[in-house]
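As structure tokens, the structure follows; a few thoughts come after it.
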Amino acid sequence: MTLVGDEKEPAAFQDEGDLVKRRLEKLEDWRRRGVEPYALNYPHGDSASAIHDRFASLADGEESGYTATLAGRLMALRRHGKACFADLEDRDGRLQLMASVDSLGSEQYEMFQELDIGDWIGVTGMVFKSRRGELTVRVVSFALLSKSLRPLPEKWHGLKDVELRYRQRYLDLTVNPEVKRNLMVRVKTIQELRRFLDAREFVEVETPMLQPIPGGATARPFTTFHQALGENLYLRIAPELYLKRCIVGGLEKVYEINRNFRNEGISYKHNPEFTMLEFYWAYVDYLDLADFLEEMLAEVVRAVKGTLAFDYQGKPLDFALPWRRVTLMQTVSEAVGRTVASDTPQGELRALAEEHEVSLEKGWGPGKIITELFEKLVEPNLWKPTLVMDYPREVSPLARAHRDDPFLTERFELIAAGREIANAFSELIDPIDQRERFQEQARQREKGDEEAHVVDYDYLRALEYGMPPTGGLGMGVDRLVMLLTDSHSIREVILFPHLRSEI
RNA sequence: GCGCCCGUAGCUCAAUUUGGCAGAGCAGGGGACUCUUAAUCCCAAGGUUGAAGGUUCGAGUCCUUCCGGGCGCACCA
């Protein structure tokens with residue numbers, strides 16, 4: 001038997017045997033009694049958390065005199081013969097209901113007893129505090145709003161199977177409270193980021209998800225095809241080049257919080273689509289951005305967590321200002337125990353890599369090798385929030401050359417808990433230099449680096465009209481939320497993470 | 001992509017080590033119960049052990065392949 005009678009319905013979605021059959025029978029019972037089990041609406045003025053806030057000080061056994069009306073999902077039923085207790089859960093809380101023959105009359109009480117865990121109901125009744133001190137609504141009338149046909153997961157252990165949790169996130173949200181809490185941390189984080197930027201007169205813009213040339217990052221894109229135009233399109237790997245076009249157009253302060261798509265491996269810290277904040281700010285450089293990022297994150301973290309110091313995965317993490325600032329060269333030098341600098345010969349760098357068991361690929365120049373040493377030997381060990389300054393030009397094709405050292409760029413990353421949280425630089429606004437960087441990237445592509453940049457001639461044309469000096473920053477929102485929710489996996493902070501198809 | 005681990009009732013888990021009757025709690029069904037809250041008590045039911053093949057007198061357990069997932073590595077943010 002299938003729920004909807006669709007013979008093509010895959011087995012994985014088919015019903016759960018007698019439990020569903022039983023509920024289908026109840027569905028018909030409600031209709032026979034003249035109750036439509038899928039209601040149109042249910043006007044109500046109260047919520048569980050508001051009731052708790054308002055009547056917390058009621059004494060045990062005391063009546064409030066207030067008649068509440070609320071709606072939600074029935075999550076537990078404790079039957080006691082001619083009276084029963086139930087738990088109603090709505091968007092932000094849980095409230096106990098008490099129904100009895102006395103409060104409902106025998107006919108309505110009998111129907112109340114027919115409710116199943118998982119049903120959506122609306123109730124009206126007087127708020128009181130039970131003798132045991134539980135705030136309760138004494139139900140004088142109720143309505144079935146939507147009949148649930150499948151059994152919910154276990155009330156005490158919840159839903160633990162991680163595959164089911166991700167595939168059927170609606171169940172995870174229903175029975176595992178921390179899922180909703182994590183989501184609300186994410187929502188609040190994004191709200192606070194927007195609030196911070198909006199308050200400083202940044203304008204939020206939306207740039208293309210579908211791009212003819214995927215630029216702004218080094219990554220493999222997803223490809224798609226536009227039928228009417230007959231041309232290939234790519235899901236964006238970054239909004240960077242479009243946001244900078246906005247700066248060329250005179251917007252001065254722009255940002256975007258939205259999805260990027262990268263066709264790469266999936267792991268506890270990678271989802272094929274993930275959320276980035278990028279902002280661009282005319283007339284500032286990367287040192288200004290470093291100060292700004294400190295201020296922004298300190299404000300956002302405090303707003304979300306109530307403190308700048310908290311534990312992540314059992315270890316204390318503190319965003320108190322100022323963060324440590326150190327150059328990438330210094331960190332690498334410390335890690336290998338000898339000075340690494342812009343003029344360190346490539347042969348010496350290769351020897352160092354071999355000494356520290358960092359494998360290299362041919363075609364990598366000194367800048368890439370140093371960055372690789374950093375990522376393998378330094379980054380995983382940077383736990384406290386650290387601003388790592390001055391990345392090599394070779395790995396930074398969109399960043400301005402460093403004012404003091406042409407081997408480097410004016411770029412920094414924020415590293416915390418051993419991973420990159422943000423990446424920022426003084427933007428490369430010199431169109432001649434940018435053209436050369438693109439050409440370098442094109443040579444890398446020819447050598448087989450699929451992730452190297454493709455030349456974006458319109459972007460070069462835009463720069464040739466003139467882009468003001470600009471600082472730009474990108475931050476992985478999911479990664480930040482992982483820290484704020486103490487989540488080991490990125491899948492805990494993305495509602496519907498990507499999984500292989502179920503069928 | 002490679003390595004390790006996992007998949008048993010709707011859910012949470014036993015039984016796997018050493019092959020020998022597939023079990024419990026919750027949910028669901030019947031019954032008792034008007035202040036419980038993981039309600040309690042009594043009764044009954046619930047299974048293609050992810051799939052297919054193999055070894056064996058006998059497979060949830062051992063072997064092979066496949067499917068799905070987790071973790072680690074690689075790539076990356």
Side-chain angles (χ1 to χ4, degrees), chain A residues 11-12 14-23 25-26 60-61 75-87 94-104 109 116-118 128-136 138 148-168 171-172 174-176 217-220 237-238 260-278 359 361 372 375-376 379 413-415 419-423 449-451 474-480 482 488-491 497 499-503:
Chain A
Q14 284 174 13
D15 69 52
E16 298 162 31
D18 289 345
L19 297 173
V20 169
K21 194 175 175 186
R22 173 75 195 158
R23 290 190 178 203
E25 286 163 8
K26 280 193 183 177
D60 292 359
M75 293 302 289
L77 259 178
R78 296 177 289 280
R79 295 187 174 91
H80 291 263
K82 296 189 178 64
C84 69
F85 294 90
D87 293 338
R94 208 178 247 234
L95 190 59
Q96 176 166 270
L97 310 177
M98 181 180 180
S100 65
V101 173
D102 290 347
S103 71
L104 278 169
Y109 181 71
D116 285 305
I117 290 169
F128 72 105
K129 196 168 254 181
S130 73
R131 284 174 216 160
R132 296 287 185 90
E134 180 79 23
L135 209 57
T136 306
R138 180 177 289 110
S148 169
L149 297 179
R150 293 181 187 256
L152 287 179
E154 217 251 2
K155 64 180 176 185
W156 184 244
H157 297 96
L159 186 66
K160 290 191 171 170
D161 183 314
V162 288
E163 182 177 356
L164 290 183
R165 287 187 50 229
Y166 298 152
R167 286 199 193 281
Q168 294 181 266
L171 294 180
D172 201 20
T174 302
V175 302
N176 293 329
T218 52
R220 187 179 311 134
I237 55 176
N260 289 347
F261 308 85
R262 298 191 185 174
N263 202 344
E264 289 160 351
I266 297 174
S267 80
Y268 72 95
K269 51 180 172 176
H270 299 90
N271 195 60
E273 51 183 298
F274 62 100
T275 299
M276 279 278 280
L277 159 67
E278 287 199 14
S359 59
E361 287 175 25
E372 193 71 11
E375 287 176 357
K376 289 291 186 301
E379 190 173 273
E413 290 194 357
L414 167 64
I415 311 293
R419 63 194 66 171
E420 177 190 340
I421 303 297
N423 176 25
D449 183 355
E450 287 180 51
E451 295 179 351
M475 188 168 75
V477 172
D478 314 275
R479 295 262 175 102
L480 175 62
M482 284 169 72
H488 170 70
S489 170
I490 196 168
R491 293 172 164 184
L499 297 177
R500 206 179 292 267
S501 290
E502 198 168 350
I503 305 305

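Residue numbers begin at 1 in each chain, while the letters A, B, ... track the order of the sequences. Fair warning: this is a prediction, and the values are worked out from it, not measured in the lab.
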Using the [atom1] atoms only, state how far [M] lies from [N], rounded to an integer number of Å.
N      : M      : atom1 : result
B/rG7  : B/rG50 : P     : 8 Å
B/rC33 : B/rC41 : C1'   : 9 Å
B/rA52 : B/rA45 : C1'   : 31 Å
B/rA74 : B/rC4  : C1'   : 15 Å
B/rG29 : B/rC67 : C1'   : 35 Å
B/rC11 : B/rG3  : P     : 30 Å
B/rG30 : B/rU16 : C1'   : 36 Å
B/rA27 : B/rA9  : C1'   : 11 Å

Short side-chain N/O contact from [X] to OP1 or OP2 of [N], under 4.0 Å:
X      : N      : result
A/R132 : B/rU37 : yes
A/R22  : B/rG28 : no
A/R500 : B/rC67 : no
A/K269 : B/rG72 : no
A/T275 : B/rA77 : no
A/H157 : B/rA24 : no

Minimum-distance nucleotide to [X] side chain [options: [options]]:
X      : options                : result
A/L19  : B/rU12, B/rA27, B/rC33 : B/rA27
A/P151 : B/rG29, B/rU34, B/rG10 : B/rG10
A/K26  : B/rG69, B/rG29, B/rU37 : B/rG29
A/R167 : B/rU37, B/rC75, B/rG69 : B/rG69

Contacts under 3.5 Å, N or O only, protein and nucleotides 40-47 of chain B:
none

**OP:** Tell me, with the steps shown, if A/D18 and A/R22 meet side chain to side chain contact (heavy atoms under 4.5 Å, CB included).
**Re:** CA-CA 6 Å; A/D18 289 345; A/R22 173 75 195 158; 5.8 Å; no
Pick base, sugar-phosphate or nothing for [X], based on heavy-atom distances below 4.0 Å to the nucleic acid.
X      : answer
A/R138 : base
A/K160 : sugar-phosphate
A/D60  : nothing
A/G476 : nothing
A/I421 : nothing
A/E420 : sugar-phosphate
A/G158 : sugar-phosphate
A/K376 : sugar-phosphate
A/Y109 : nothing

Subject >> salt bridge (Lys or Arg N to Asp or Glu O under 4.0 Å) against A/D172, all qualifying residues, sequence neighbours excluded >> reply: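 Residues passing salt bridge (Lys or Arg N to Asp or Glu O under 4.0 Å) with A/D172: A/R165, A/R169.
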Subject >> A/E420: partners by salt bridge (Lys or Arg N to Asp or Glu O under 4.0 Å), with sequence neighbours left out >> reply: none
Original post:
Got a second to check how far A/R138's CZ is from A/L97's CG, nearest 0.5 Å?
Top reply: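 It is 12.0 Å, given to the nearest 0.5 Å.
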Original post:
How long is the gap from CG on A/L104 to CE on A/M98, to the nearest 0.5 Å?
Top reply: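 With rounding to 0.5 Å, CG (A/L104) is 10.5 Å from CE (A/M98).
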Subject >> Contact letters for nucleotides 2-9 of chain B, in which S counts primed atoms plus P, OP1 and OP2 and B counts the base, heavy atoms under 4.0 Å >> reply: --------
Between [X] ([atom1]) and [N] ([atom2]), how many Å, whole number?
X      : N      : atom1 : atom2 : answer
A/E154 : B/rA38 : CD    : C1'   : 8 Å
A/L149 : B/rG28 : CG    : C1'   : 14 Å
A/N176 : B/rU12 : CG    : C1'   : 11 Å

Pairing check on [N]: which nucleotide meets the Watson-Crick or G-U wobble criteria with it, both distances under 3.5 Å?
N      : result
B/rU61 : none
B/rU18 : none
B/rC11 : B/rG25
B/rC4  : B/rG70

Subject >> Sidechain-backbone polar pair: A/R479 side chain, A/I421 backbone, donor-acceptor under 3.5 Å >> reply: no
**OP:** Could you pull out all residues at least two apart from A/E361 that satisfy side chain to side chain contact (heavy atoms under 4.5 Å, CB included)?
**Re:** A/W364
Original post:
What residues form a side chain to side chain contact (heavy atoms under 4.5 Å, CB included) with A/T174, not counting sequence neighbours?
Top reply: A/R73, A/M75, A/L152
Original post:
Hey, does A/Y109 have a side-chain heavy atom less than 4.5 Å from the side chain of A/S103?
Top reply: no
Original post:
Taking the six-membered ring for Trp, are A/H80 and A/F85 parallel (under 30°), tilted (30 to 60°) or perpendicular (over 60°)?
Top reply: perpendicular
Original post:
Ignoring hydrogens and angles, does a donor from either the side chain of A/D87 or the base of B/rU37 sit under 3.5 Å from an acceptor on the other?
Top reply: no
**OP:** Please confirm whether any donor atom in the side chain of A/Q96 sits under 3.5 Å from an acceptor in the base of B/rU36, or the reverse.
**Re:** yes
Original post:
Do we see a donor-acceptor contact under 3.5 Å between the side chains of A/Q96 and A/T136?
Top reply: yes
Original post:
Taking NZ, NE, NH1 and NH2 as the nitrogens, is one of them in A/D87 or A/R78 under 4.0 Å from a carboxylate oxygen of the other?
Top reply: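 Here A/D87 pairs with A/R78 in a salt bridge, since their nearest N and O are under 4.0 Å apart.
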